[in-house]
Amino acid sequence: MGEVGGGVVELRDSSGGRSPPSTQRSRSSAVSCAVAPVSAAPVAALAEAGAMAATDIARQVGEGCRTVPLAGHVGFDSLPDQLVNQSISQGFCFNILCVGETGLGKSTLMDTLFNTKFEGEPATHTQPGVQLRSNTYDLQESNVGLKLTIVSTVGFGDQINKEDSYKPIVEFIDAQFEAYLQEELKIRRVLHTYHDSRIHACLYFIAPTGHSLKSLDLVTMKKLDSKVNIIPIIAKSDAISKSELTKFKIKITSELVSNGVQIYQFPTDDELVAEINGTMNAHLPFAVIGSTEELKIGNKMMKARQYPWGTVQVENEAHCDFVKLREMLIRVNMEDLREQTHSRHYELYRRCKLEEMGFKDTDPDSKPFSLQETYEAKRNEFLGELQKKEEEMRQMFVQRVKEKEAELKEAEKELHEKFDRLKKLHQDEKKKLEDKKKSLDDEVNAFKQRKTAAELLQSQGSQAGGSQTLKRDKEKKKTREEKSISDGTCTTPGKHPVVPCALVVCAV
């Protein structure tokens, strides 16, 4: 092994040489320190590319390796600086999920953590279900840009039935994983410009009851611990005393352990942060207080909360753990949270999803699986299932057609029977009507005959009665004339005047 210009080269051959572990550790530490701000996606891509290259070299030249010295400075020791500059130019993203009941100060704590005022509508206790509200902000500090996404659970814990309160949260996290997976599976990927919406940290707000965790908190954290980095915090910790707070922390920790809830542990494998992270792991869950109000304490303006009995300073570690949370979440372990999200939670989701799709790393004989073979096998399986379903659908269609034909034939038969029945009924009614009409016609004819006979008899009777009346009138008239003549007067109109008989005699 040799080092010239701070560089070490490893080549694989059959000699089996290996560089000393001390050199590797120092080199790894230098790289890890320089690449700390780098985003998870470029680092993962670089690591994957390096692993593939190493695998190809090992297959070509053997499994051994030997170290050779460089004759001069080459310059690849500036690779971490290149990665840092590239990452700074691209910017970073960090996504926080705030889970907790309404009124625990989630929005206030976010404003306090990032020393700004995020716009947002206050939540109410009248939500019919749990809704997730996502807001993205562009922050700038020095020359580093951060795209911060804050997702809050609106209406969490406000329902009478809280059994399914965790489901919208799980579905939201899975939806972000699925969106990233679909982007990875595209033929033309643009991951360097893709907005990564996967949740990197979940701040779980615990109500300061001072007794124990609620069943809703335990169930929700148990459902989320395999999907996101959970950091439990006790919200509004100034509501309980110091002694109660210490007991409450111990009680929460024991309940999480007994229920198998895995919360995020700050990493201790890096020597630079192992001591502080190990110390802070013992302080979990953090008891925090949030406030955007600044009060003058002594000669300084500090974020604090004013009460009638005194002032609680947000950034005073004797009053709360806000400073510890900010140090661990933002200043020390932000990149580890992003890396854990990508390498642990997302990989677990990706593996399960690809296994559901039929992709595996090895076949039953423990041989590597070819993507082409897997695709062909899955395609053939899919085509077989498709043909099977097509045949089942065809048979089902034929069966339904036959059933429908039988139903139609039965309905047609019933219609014919009904038609014949109605036709016969119509004929019977028609015959009855014709018979009744014939009888009515006979009655009418008979009535007409009777009427004619009656009129004839009546006319004959009227003629006979008229002649008798005329004869009687003539007889009466003759009688009257005779009587008038005998009396000497004549009252017959139109005759000459009646002359007395004496005069007639004299004239003679």
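- Contact annotation: the side chain of Y194 never approaches that of R189 to less than 4.5 Å [non-hydrogen atoms, C-beta and beyond].
- Here ring-ring contact (aromatic ring centres under 6.0 Å, His included) pairs that include residues 133-154, with residues two or more places apart or in two chains, are F118-Y137.
- Looking at M302 and V314, their side chains never come closer than 4.5 Å, going by heavy atoms from C-beta outward.
- Between L109 and L325, the closest side-chain pair of non-hydrogen atoms falls below 4.5 Å.
- Classification of the Y349-F177 ring pair by plane angle, with boundaries at 30° and 60°, yields tilted.
- R394 CZ: more than 12 foreign heavy atoms inside a 6.0 Å radius.
- The heavy-atom pair separating I233 from V288 by the smallest distance is CD1-CG2, 4.1 Å.
- Listed by first and then second residue, the salt bridge (charged side-chain N to carboxylate O under 4.0 Å, His left out) pairs involving residues 317-326 are K249-D321, E315-R326, E317-K324, D321-K324 (not counting sequence neighbours).
- Summarising the geometry, atom SG belonging to C98 is positioned 12.5 Å from atom OH belonging to Y204; distances are rounded to the nearest 0.5 Å.
- Legend: residues meeting side chain to side chain contact (heavy atoms under 4.5 Å, CB included) with I276, ordered by chain and number and at least two apart, are V273, M280, M328.
- Contact annotation: the side chain of L329 approaches that of F94 to within less than 4.5 Å [non-hydrogen atoms, C-beta and beyond].
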Show which side-chain atoms of residues 99-107 pair as donor or acceptor with protein atoms under 3.5 Å away, not counting sequence neighbours.
| unit_1 | atom_1 | unit_2 | atom_2 | d |
| --- | --- | --- | --- | --- |
| E101 | OE1 | K214 | NZ | 3.3 |
| E101 | OE2 | K214 | NZ | 2.8 |
| T102 | OG1 | D158 | OD2 | 2.8 |
| K106 | NZ | G100 | O | 3.3 |
| K106 | NZ | E101 | O | 3.0 |

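- For K247, the salt bridge (charged side-chain N to carboxylate O under 4.0 Å, His left out) test picks out no residue, with sequence neighbours left out.
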- prompt: Between Q395 and Q399, does a side chain to side chain donor-acceptor pair (under 3.5 Å) hold up when you go through it step by step?
  reply: CA-CA 6 Å; Q395 293 178 0; Q399 182 66 23; over 6 Å; no
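- Around atom CZ of R133, more than 12 heavy atoms belonging to other residues, nucleotides or ligands sit under 6.0 Å away.
- Contact detail for F205 and A235: the closest heavy-atom pair is CD2-CB, 3.7 Å.
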Identify each donor-acceptor pair in which a side-chain atom of residues 257-264 lies under 3.5 Å from a protein atom, sequence neighbours left out, and give them as a table.
| unit_1 | atom_1 | unit_2 | atom_2 | d |
| --- | --- | --- | --- | --- |
| S258 | OG | S254 | O | 3.1 |
| S258 | OG | E255 | O | 3.0 |
| N259 | ND2 | E255 | O | 2.7 |
| Q262 | OE1 | R344 | NH2 | 3.3 |
| Y264 | OH | D336 | OD2 | 2.4 |

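- Dense packing is recorded around CE of M301, with more than 12 heavy atoms of other residues, nucleotides or ligands lying under 6.0 Å away.
- Looking only at distances, a side-chain donor or acceptor of R338 sits under 3.5 Å from a matching main-chain atom of C93.
- Heavy-atom neighbours of Y307 OH from other residues, nucleotides or ligands within 6.0 Å: above the threshold of 12.
- More than 12 heavy-atom neighbours from other residues, nucleotides or ligands sit within 6.0 angstrom of CD on Q140.
- When side chains are defined from C-beta on, D225 counts as touching K222, because their heavy atoms get closer than 4.5 Å.
- Applying the 6.0 Å contact sphere to CD of E392 captures more than 12 heavy atoms from other residues, nucleotides or ligands.
- The salt bridge (charged side-chain N to carboxylate O under 4.0 Å, His left out) search around R305 returns none, not counting sequence neighbours.
- Annotation for V228 and A201: closest pair CG2-C, 4.3 Å, computed over non-hydrogen atoms.
- Between N95 and V151 the shortest side-chain heavy-atom distance does not fall below 4.5 Å.
- At distances below 3.5 Å, not a single donor-acceptor pair connects side-chain atoms of H200 with backbone N or O atoms of I96.
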Test log, rule side chain to side chain contact (heavy atoms under 4.5 Å, CB included), inputs L139 and E141: CA-CA 7 Å; L139 307 180; E141 187 175 24; over 6 Å; no
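- By the 6.0 Å contact criterion, CD on E119 is open, its count of non-hydrogen atoms from other residues, nucleotides or ligands being 12 or less.
- Atoms CG and CG, on L70 and D77 in that order, are 10.0 Å from each other to the nearest 0.5 Å.
- Checking side-chain atoms of H319 against main-chain N and O of V312 turns up no donor-acceptor pair under 3.5 Å.
- The two residues G155 and V130 make their nearest non-hydrogen contact at O-CG2, 3.9 Å.
- Between the side chains of Q387 and E391, no donor N or O sits under 3.5 Å from an acceptor N or O.
- With a 4.5 Å cut-off on side-chain heavy atoms, S237 and I289 count as touching.
- For residues 164-175, the pairs satisfying salt bridge (charged side-chain N to carboxylate O under 4.0 Å, His left out) are D164-K167, D174-K227, with sequence neighbours left out.
- Contact annotation: the side chain of R350 never approaches that of K353 to less than 4.5 Å [non-hydrogen atoms, C-beta and beyond].
- Applying the side chain to side chain contact (heavy atoms under 4.5 Å, CB included) rule to L216 yields the partners F156, K162, S165, T220; only residues at least two apart in sequence or on another chain are considered.
- Residue L97 holds its CG atom at 5.5 Å from CD1 of I173, rounded to the nearest 0.5 Å.
- Remark: K388 pairs with no residue by the salt bridge (charged side-chain N to carboxylate O under 4.0 Å, His left out) rule, at least two apart or across chains.
- Smallest separation of non-hydrogen atoms from S134 and T149: OG-CG2, 3.4 Å.
- Remark: Q131 CD to S152 OG distance equals 10.5 Å, nearest 0.5 Å.
- One N or O on the side chain of Q176 and one on the backbone of F172 form a donor-acceptor pair closer than 3.5 Å.
- A donor-acceptor pair is defined here as one N or O able to donate and one able to accept, closer than 3.5 Å; such a pair exists between the side chain of N277 and the backbone of P267.
- Using modelled atom types, one finds a donor on one side chain and an acceptor on the other under 3.5 Å when comparing T341 with N229.
- Between atom OG1 of residue T112 and atom NZ of residue K117 there is a gap of 9.0 Å, rounded to the nearest 0.5 Å.
- Evaluation of the salt bridge (charged side-chain N to carboxylate O under 4.0 Å, His left out) rule for E355 yields no partner, not counting sequence neighbours.
- Between N85 atom CG and Q82 atom CD the span is 8.0 Å, to the nearest 0.5 Å.
- Each side chain to side chain donor-acceptor pair (under 3.5 Å) pair with one or both residues in residues 279-292, not counting sequence neighbours, would appear here, but there are none.
- Minimum heavy-atom separation, L348 to S226: CD2-O, 3.8 Å.
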